[in-house]
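Note sheet for the following structure.
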Amino acid sequence: MGIEVNDKDIVVPGELLATGMDYVPAQGTYRIGEEIRSKKLGLVTVDGRAIKLIPLSGRYLPKRGDTIIGRVEDIAMSGWRLSINSPYSAMLSMKDATSEFIARGADLTRYYELEDYIVAKIINVTSQKLVDVTMKGPGLRKLSAGRIIEVNTNKVPRIIGKQGSMVSMVKTRTNTNIIVGQNGLVWIKGNDPKSELLAIETIRLIEKEAHLPGLTDRIAKHLGGGAAPEVRAEENMAGEDDGLQ
Amino acid sequence: MMVYNKRNDGRAFDETRDIEAKAGVIKRADGSAYFRIGKTAAYAAVYGPRDLFPRFMQNPKRGVLRCNYNMMPFSGMGERVRPGANRRAKEISMVTEKALSPVLDLDSFPNAVVDVYIELPQTDAGSRCAGICAASIALADAGLDMKDMVAAVSAGIVDGSVLIDLDYKEEAHEEGGVADIPVAMIPSTGEISLLQMDGVISKENLKKAIAMVKTACIKINEAQKKALKDKYICDVQNCDGDKK
């Protein structure tokens, strides 16, 4: 009876997590008879009576309210289709794209051309995973210049950090501008290639060591320039990164 | 008269060949694994969930699992295997799909597909079982929802002796009868998701063989679990073993 694993253990599908009715299965786990077993590869988190898993891998599943980076892959009659690093693509309709008046039959490539990268926000996801996005909101725009890298979507919360602390540290210390999309696409723009490459290297390091303790300090050390700043509430991401957490 | 009372390679009747398993061996795949049992080796790569085309194959209720089993040209015991699909590969792909789908939960991926490519660089019998073991690790590595892993091994009878994990020599044993029975099992429940047979065996011996398989599958499952965990424990020691 009781719990069979420790907090922060790595478990694989089908592994026994707890027996008896003292614990309840949460995200990533399931109950079979008296037992709670894991449903995917992940990190165990025991939160009171609830046992849940933080996934370590897997593709991005679109969620309402997420801010993502997408690539225009097609232009339809009344909008744009975005490829969003997920099994499903997103639709940006004309009325959500701009407040400007667009005449019937106008050339949509004037606004967004194929291969353009866009920061957009998901407004709706249906049961069949049809995704609608909007460009209306703070920080939502077309991206120009810079680089796009792909990271594991499950590591995005660690890249952003508590209240954006991690990404703002990388931004200030490498002197770059960074936007992290929930779908695992990251846009980086610096004044010179060297700072961009340092930022990319740092993000790759965060991604690789996301599940290990003491991450912030190690990243601070990697970047140089003293210990990591304490997280203060008012440091909450300003400007373009609003809502990207 | 019982002739085959000692195995060619000196194993006990209920002993499998040595097992090696690794997760995350293919960098560009969403999930991947290597599984070797004796001289039979399998690589599995998982891609997806991703868009499924042609469109008529899509299922609006849940995601589709698609497996592809392939023996590489010089992986067999005799002649070069002609590359590409053949009737045998097609059947094994189908049974692999059916062996894995009971544990896989693709409800949250309507109209999408999960592709599993199983490649065998070297075989010495038991290749479909090795393929299933590798595919199961790769699916877990890809972060898909699964209620458990699947472990598989063959059992059989060679000239009157019930044994497990037949190698090619045993499968091709000439005297007495030979039966070869690949079995896939879901370790947590003991449910069987693949059971095929080639040859003749009595009811009693079949029961005995399956009981032996169950114990072996639990052992194989331990190797599968270890492979997945090692991928992350490796990072702790900074040995850079992740996704080489």
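Chain A is the first sequence line, chain B the second, and so forth, proteins listed ahead of strands; every chain is numbered from 1.
The part of Thr189(B) that comes within reach of chain A is its side chain, from C-beta onward, which places non-hydrogen atoms under 4.5 angstrom from that chain. Using a 4.5 Å cut-off between heavy atoms, Leu61(A) contacts chain B through its side chain alone, with no backbone atom that close. If you measure heavy-atom distances from Leu16(A) to chain B, you find no contacts under 4.5 Å at all. Looking at Ser38(A), only its backbone comes within 4.5 Å of chain B, counting heavy atoms on both sides. Proximity to chain B is absent for every atom of Thr29(A), based on heavy atoms less than 4.5 angstrom apart. Only the backbone of Ala142(B) comes within contact range of chain A, with at least one heavy atom under 4.5 Å from a heavy atom of that chain.
Contact count versus chain A (heavy atoms, under 4.5 Å) is highest, among Leu139(B), Asp148(B), Ile137(B), for Asp148(B). Heavy-atom pairs under 4.5 Å with chain A were tallied for Lys225(B), Lys61(B), Lys147(B); the largest tally goes to Lys147(B). Among Asp9(A), Leu41(A), Asn154(A), the residue making the largest number of heavy-atom pairs under 4.5 Å with chain B is Leu41(A). Ranking Leu228(B), Asp145(B), Val103(B) against chain A, the residue ahead of the rest is Asp145(B), based on heavy-atom pairs under 4.5 Å.
For Asp47(A), the CG atom is loosely surrounded, since the number of other residues' heavy atoms within 6.0 Å does not exceed 12. With a 6.0 Å radius and a threshold of 12 heavy atoms from other residues, nucleotides or ligands, Gln27(A) has its CD atom at or below the threshold. When the shell of 6.0 Å around CZ of Arg31(A) is examined, it contains more than 12 heavy atoms from other residues, nucleotides or ligands.
The closest donor-acceptor contact from the side chain of Tyr88(A) to the backbone of Asp51(B) lies at 3.5 Å or more, if one exists at all. Proximity of a side-chain donor or acceptor of Ser57(A) to a complementary backbone N or O of Asp141(B) within less than 3.5 Å is detected.
Considering all non-hydrogen atoms of both residues, Ser127(A) and Pro110(B) come closest at O-CG, 3.7 Å.
Separating the CD atom in Glu15(A) from the CG atom in Asn221(B) is a distance of 9.0 Å, to the nearest 0.5 Å. The OH atom of Tyr30(A) sits 10.5 Å away from the CG atom of Asp105(B) when rounded to the nearest 0.5 Å. A distance of 10.5 Å separates CD1 in Ile10(A) from NZ in Lys231(B), rounded to the nearest 0.5 Å.
In this structure, Arg59(A) pairs ionically with Asp30(B), as a charged nitrogen and a carboxylate oxygen lie closer than 4.0 Å.
With contacts defined as side-chain heavy-atom distances shorter than 4.5 Å, the pair Gln128(A)/Asn111(B) qualifies. Contact check for Lys229(B) versus Val12(A): side-chain heavy atoms found under the 4.5 Å cut-off.
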